[in-house]
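This structure is a prediction, so every number in the text was calculated from the model and none was measured. Note: hydrogens, waters and symmetry copies are ignored here, and every other heavy atom, side chains too, is used. Below, chains carry the letters A, B, ... as their sequence lines are ordered, and counting in each starts from 1.
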Amino acid sequence: MKHVLAVLVENKSGVLTRVAGLFSRRGFNIDNITVGETVTPGISRMTITVEGDEMVVEQVMKQLNKLINVLKVSNLSLEPAVMRELMLIKVRAESQTRGDIQQIVETFRGKVVDVSLDSMIVEVTGNEDKLEAIKLLLQSYGIREIVRTGKIALLRGSKITREA
Amino acid sequence: MKLKGAAMITAVLEKEQVDLVFGYPGGAVLSLYDQLYRCKLKHILVRHEQGAVHAADGYARVSGKTGVVFATSGPGATNLVTGIATAYMDSVPLVLITGQVATRLIGTDSFQEADITGITLPITKHNYLIKDVQELPDALSEAFFIASTGRPGPVLVDIPKDIFELEDQFDYTHRREIPGYKPTIEGHSGQIQRAVKAINAAKRPVIFAGGGVIIAGASAELTELAERGRIPVVLSLMALGAFPGNSPLFLGMPGMHGTVSANYSISEADLIIAAGVRFDDRVTGQLESFARKAQIIHIDIDPAEIGKNVAIDIPIVGDVKKVLQGILKRLQPGVTEDWLKKVEEWRQGNPLCSEKQTSEGGMKPQFVIREIDRLTPDNAIICTDVGQHQMWTAQHYCFRLPRTFLSSGGLGTMGYGFPASLGATLASPQKTVFCIAGDGSFQMNIQELATAVAYNLNIKVAIINNGCLGMVRQWQELFYGGRYSHTSIQGGPDFVKVAEAYGALGLRVSAPSEVAGAIEQALAIEGPVVIDFLVDAGENVYPMVAPNRPISEIIMGSGKR
């Protein structure tokens with residue numbers, strides 16, 4: 001099963017290496033990882049998607065907690081949460097296919113953010129299923145390049161994840 | 001008060017009550033050593049940086065205080081790596097201060113530059129690269145706090161050359177509040193109650209204690225738990241001495257080279273009280289068959305150890321001493337006589353071999369170790385290297401007091417024992433210190449003989465010399481069809497001459513009848529002595545459990561060999 005962890009860290013040099021290094025040396029698999037600032041200055045939030053059973057994820061969380069620069073680790077997969085990822089797709093698009101692609105993009109509430117003679121860049125946001133679905137549809141036109149941000153997530157409702 | 005970086009360091013060491021550091025100078029720490037030149041801090045100059053870390057480690061294990069090491073940048077720092085990893089695996093508090101190339105040169109592959117914070121990331125509890133002299137006092141203070149509290153471990157502070165010379169305001173505050181670091185000390189009272197209930201109800205309980213008991217200073221509590229509960233005790237390698245080795249309740253060490261009674265007891269127990277252990281693979285053998293019939297209570301200060309290897313029924317995170325005190329408050333006297341009788345039968349039926357000599361007339365290493373045990377006081381400190389001699393020492397030396405057995409348990413570092421014994425004797429100069437080494441291991445840090453002689457340290461080295469890398473040879477014999485690939489180290493050096501060349505006394509013993517005399521002679525001399533015990537080369541360590549086999553499947557060896 002995939003688990004999405006929110007990890008609040010002190011924004012100190014080397015903290016990303018400490019976290020990423022922990023995963024590799026303990027043999028845990030990171031699906032993806034994103035990092036960004038929080039409302040509190042000096043504190044960043046990492047969102048880490050990790051594959052594993054409950055025992056593995058518990059170990060991951062405990063080992064993360066042992067890092068001095070890690071302030072809080074919570075598993076967002078255990079509660080209702082909004083999860084999103086942003087994807088940019090550069091797809092082959094000539095004049096005769098542009099309209100079709102445009103329609104697909106609109107159906108997925110995406111945006112065309114760049115157009116050239118033979119290609120377009122499409123921007124889509126959503127959960128994993130949605131991104132996979134549009135990717136599949138656009139494949140028949142020829143996808144030239146894809147870039148994804150990795151997952152970010154917030155708990156639903158008024159509850160927040162804050163440093164202990 | 002304004003101070004230069006170098007002076008801040010010695011000032012912090014004074015505030016943290018450090019009276020001794022181990023180190024080796026070099027280009028990037030010239031300013032630090034210049035500062036040492038004019039302050040009263042005692043510094044032990046070793047002959048290799050690895051010796052410095054192991055010595056500081058030995059000092060820390062004996063004294064319970066934090067060991068401190070100085071080394072220069074690049075090779076000075078990388079030479080620390082094995083020692084740091086050793087301390088990390090065995091949870092030893094160390095603060096390592098390394099010089100780094102000047103701030104402006106970092107990242108340019110300049111002379112003697114190595115990214116030591118990067119290199120030591122997975123083998124330190126935490127580390128710091130100082131980029132501004134203002135950060136230095138707090139970082140050092142945090143380093144001491146982190147190293148010595150919770151589950152102890154090594155912390156490295158890397159300081160660029162220019163920072164030692166920069167001046168800044170110095171107002172020292174002990175940093176005891178670190179946002180991301182809050183070890184759990186008190187055990188959960190509900191969990192303690194569950195544990196008490198389980199112990200009171202158990203018919204076949206076993207205590208399995210580890211190094212955490214020694215770190216927490218919980219030997220008295222452990223002993224009371226065993227005696228009041230009438231519970232047999234097995235100790236991991238790291239815990240030897242935490243419970244009196246001569247107690248009728250003591251079964252020895254479990255695991256790969258554990259006693260039959262310890263392994264059978266764990267396998268047949270209905271309750272394991274695991275305190276300050278981490279269920280290392282050398283102890284558990286095949287995980288699926290480990291303690292199959294038992295409920296397991298696991299007490300440890302590190303939450304990540306609980307459930308890491310073995311599923312736990314009653315986890316208790318906290319300081320072992322405090323948790324055991326909590327358990328003792330409600331513990332009823334145990335009625336386990338039937339169980340103890342069974343355990344005693346296992347013990348009586350499977351004694352460890354103790355003959356003086358083999359049928360060919362060679363000297364048995366086990367006998368040498370038993371003689372060292374007989375002739376040294378109860379509070380003597382025994383350091384070992386890693387290999388057969390280490391296991392024989394664990395099996396045949398009767399440890400009675402905590403902090404008297406120093407060995408690299410987790411990392412299994414050959415070359416640990418001798419430099420660790422330097423630190424041990426400096427921490428407790430009044431005690432007898434014996435280093436039991438292999439002829440392979442001793443050569444890995446033999447250069448520290450110079451240090452021992454220079455400071456006239458009262459260390460006795462017993463080389464269990466079998467002319468081979470015995471433990472590897474044993475595995476080749478048992479699991480690799482007797483193909484002894486590169487495990488013979490016959491032919492030198494002459495350890496007596498080596499000792500003499502360094503200015504120490506060297507003795508050689510080749511007959512069982514000479515063993516006691518040589519040990520007595522060595523003990524009578526104030527200063528380093530090396531005794532080269534020429535022992536039977538074919539001797540193996542038994543009992544043995546093959547790797548990843550159930551610990552109840554014990555190989556006893558052919559006959560008593």
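In this structure, chain A has heavy atoms under 4.5 Å from both the backbone and the side chain of B:L121. Proximity to chain A (any heavy atom under 4.5 Å) is restricted, for B:D302, to the side chain, taken from C-beta onward. Interface remark: B:I146 contributes side-chain atoms only to the contact with chain A (heavy atom separation under 4.5 Å). For a residue to count as touching a neighbouring chain, one of its non-hydrogen atoms must lie under 4.5 Å from one of that chain's; by this rule A:L22 does not touch chain B.
Options A:R26, A:E10, A:R25 differ in how many heavy-atom pairs under 4.5 Å they form with chain B, and the most are formed by A:R25. Taking A:Q59, A:Q63, A:K12, A:M61 one by one and counting their heavy-atom pairs under 4.5 Å with chain B, the maximum is reached by A:Q59.
Using a cutoff of 4.0 Å between basic side-chain nitrogens and carboxylate oxygens, B:D300 and B:R278 are not scored as salt-bridged. Using a cutoff of 4.0 Å between basic side-chain nitrogens and carboxylate oxygens, B:R104 and B:E113 are not scored as salt-bridged.
Close placement of the B:F279 and B:H298 rings is indicated, their centers lying within 6.0 Å of each other.
A side-chain donor-acceptor contact under 3.5 Å links B:D90 to the backbone of B:G409. Here the side chain of A:K62 pairs a donor or acceptor atom with the backbone of B:P303 at under 3.5 angstrom.
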